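As structure tokens, the structure follows; a few thoughts come after it.
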Amino acid sequence: MNKFLFFAVFFIFSCQKKSQEPKNNADEKITQQDVTTTIELKRQDTVPFDTKLAHKLSDKETTSVFTKKIEKKIGVEYPIYQAYSYKDDSGEHYLLLTKHYIVDKKNDTIHDKIQAFNLSYTNNNFKKRSTISDFIDKEWETSIWFWNKYSELADLDNDGLVDLILVYGTTGQEMHADGRVKIMIYHNRKRIAIRHQNSDYGGRKTNINKKFYDLPVSIQQLVKEKMKLMAKNKHAIFSEGWEKKMANKVTDIEE
């Protein structure tokens, strides 16, 4: 009787162990999927910002602050789809993001132009601090938009002034594989750019403004982390060894 009871308990234990194995395997698969999940870039993504310093304007606030008259005075050509206000030790400022699109003969929507405005606001007047204006090369690019998930609006080096990292890019015939990326960094009234071409169209290359290496180390590191994330998410294809070359302050990286 005891011998029978022993085998019965052993049999039940073995069945329980086998029933748990598929579940454990499934958990492992889910974990692996979570690790490899890529970021999807959407046009409606919000720029990450420090809520203590910045505020995203609602559509109603945007149209109230930026009337047609003010838009014309500033030079806004396309519809404003996102607006941010922020304050720091230098005063009150605004960031405007605009976009333009067309509908082609195939009834496809093509986002072909963008503009951005970094403005100061003093004595009820807006003054342009910096602007961005870019468009697609219609021969090989298919779309252009602000990649807000890689952007940033915050005091990144704790000097009392808000810094801005604004990223945008294009897609080509092979989507991101032959598009380009531009990283604009605004720090202490200086604008510094990193330009990158993904494809072999004209050669894969990254151009880094030499002033980038004069930025606080914390900002340089943050930009590099964003570049790593772009590579991981296959939104950018940087040349082999780009991190080491940037560590050596190389300004032109080609492949």
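Keep in mind it's a predicted model, so treat the numbers as computed, not measured.
V217 forms part of no hydrophobic cluster, judged by ILVMFWY side-chain heavy-atom separations under 4.5 Å.
Each of W145, F146, F117, Y168 was checked for a side chain to side chain contact (heavy atoms under 4.5 Å, CB included) with L97, and the lone residue meeting it is F146. The only member of K182, K113, R180 that meets salt bridge (charged side-chain N to carboxylate O under 4.0 Å, His left out) when paired with D134 is R180.
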Might you work through the side chain to side chain donor-acceptor pair (under 3.5 Å) test for T171 and S143, ending with a clear yes or no? CA-CA 5 Å; T171 51; S143 188; 4.6 Å; no

Can you list the steps and then say if K226 with L222 is a side-chain contact (heavy atoms from CB on, under 4.5 Å)? CA-CA 6 Å; K226 291 178 183 294; L222 179 60; 3.9 Å; yes

Kindly indicate, with the supporting measurements, whether the criterion side-chain contact (heavy atoms from CB on, under 4.5 Å) is fulfilled by F212 and V223. CA-CA 10 Å; F212 172 80; V223 171; 3.9 Å; yes

Evaluate N207 against Q197 for side chain to side chain donor-acceptor pair (under 3.5 Å), listing each step before the verdict. CA-CA 9 Å; N207 175 263; Q197 175 63 56; over 6 Å; no

Can you list the steps and then say if I165 with D163 is a side-chain contact (heavy atoms from CB on, under 4.5 Å)? CA-CA 7 Å; I165 298 175; D163 305 293; 6.0 Å; no

Can you list the steps and then say if R191 with N209 is a side-chain contact (heavy atoms from CB on, under 4.5 Å)? CA-CA 10 Å; R191 186 172 81 166; N209 188 308; over 6 Å; no

Decide yes or no on side chain to side chain donor-acceptor pair (under 3.5 Å) for S120 and R129, but give the supporting numbers first. CA-CA 6 Å; S120 62; R129 305 175 80 194; 5.3 Å; no

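Cluster annotation: F49 is not connected to L96 through the hydrophobic network of ILVMFWY side chains, with a link wherever side-chain heavy atoms come within less than 4.5 Å. A single hydrophobic cluster is not seen to contain both Y94 and L153; linkage of ILVMFWY side chains at heavy-atom distances under 4.5 Å, directly or through other members, places them apart. I208 and M184 fall into different hydrophobic clusters, where Ile, Leu, Val, Met, Phe, Trp and Tyr side chains are chained together by heavy-atom contacts under 4.5 Å. Linking Ile, Leu, Val, Met, Phe, Trp and Tyr whenever their side-chain heavy atoms come within less than 4.5 Å leaves V181 and I136 in two separate clusters. Connection of I114 to Y84 is established within a shared hydrophobic cluster, with ILVMFWY side chains joined at heavy-atom distances below 4.5 Å, either directly or through further cluster members.
Annotation: the span from E152 atom CD to D50 atom CG amounts to 9.5 Å, rounded to 0.5 Å. A distance of 8.5 Å separates CD1 of I194 from OG1 of T206, quoted to the nearest 0.5 Å. The distance from the CD atom of Q220 to the CG atom of D157 is 11.5 Å, given to the nearest 0.5 Å. The distance from atom CD1 of I192 to atom CG of D214, rounded to the nearest 0.5 Å, is 7.5 Å. With rounding to the nearest 0.5 angstrom, the OG atom of S218 is 7.5 Å from the CG atom of N158.
The backbone N or O of K42 sits less than 3.5 Å from a side-chain atom of D45, completing a donor-acceptor pair. Distance alone, capped at 3.5 Å, places no donor-acceptor pair between the N148 side chain and the T46 backbone. Under a 3.5 Å cut-off, the side chain of N123 and the backbone N or O of N125 do not form any donor-acceptor pair. Of the possible polar contacts, one joining the D88 side chain to the S90 backbone as a donor-acceptor pair under 3.5 Å is found. Put simply, the side chain of S58 gets close to the backbone of E61: a donor and an acceptor are under 3.5 Å apart. With T170 contributing its side chain and E141 its backbone, the two residues share no donor-acceptor pair below 3.5 Å. Within the 3.5 Å criterion, the main-chain N or O of T63 finds no donor-acceptor partner in the side chain of T67. No donor-acceptor pair under 3.5 Å is formed between the side chain of D89 and the backbone N or O of L161. Proximity of a side-chain donor or acceptor of Q82 to a complementary backbone N or O of T98 within less than 3.5 Å is not detected. A donor-acceptor pair under 3.5 Å links the side-chain atoms of K128 to the main chain of I74, judged by distance alone.
Taking 4.5 Å as the limit, every side-chain heavy atom of L119 sits out of range of all side-chain heavy atoms of H93. Side-chain contact between K205 and S239 is absent, with no heavy-atom pair separated by less than 4.5 Å. Contact of the P216 side chain with the H187 side chain is registered, since non-hydrogen atoms from C-beta on lie closer than 4.5 Å. Counting heavy atoms from C-beta outward, K87 and L53 have side chains that stay 4.5 Å or more apart.
Of all non-hydrogen atoms in F238 and A231, the two that sit nearest each other are CD1-CB, 4.2 Å.
F66 and F126 have tilted rings, their planes meeting at an angle from 30° to 60° on a 0 to 90° scale. The aromatic rings of H235 and Y150 stand perpendicular to each other, their planes meeting at an angle above 60°, with 30° marking the opposite boundary.
Counted within 6.0 Å of CG on D59, heavy atoms from surrounding residues, nucleotides or ligands total 12 or fewer; the atom is thus considered open. More than 12 heavy atoms of other residues, nucleotides or ligands sit less than 6.0 Å from atom CD of Q44.
For the residue pair N233 and E40, no side-chain donor N or O sits within less than 3.5 Å of a side-chain acceptor on the partner.
You'll find the ring centres of Y101 and Y78 outside the 6.0 Å limit. Here Y86 and H55 keep their ring centres 6.0 angstrom or further from each other.
Not counting sequence neighbours, the partners of E243 by the salt bridge (charged side-chain N to carboxylate O under 4.0 Å, His left out) test are K228. Contacts of Y81 classified as side-chain hydrogen bond (donor to acceptor under 3.5 Å, both in side chains), with partners at least two apart in sequence or in another chain: none.
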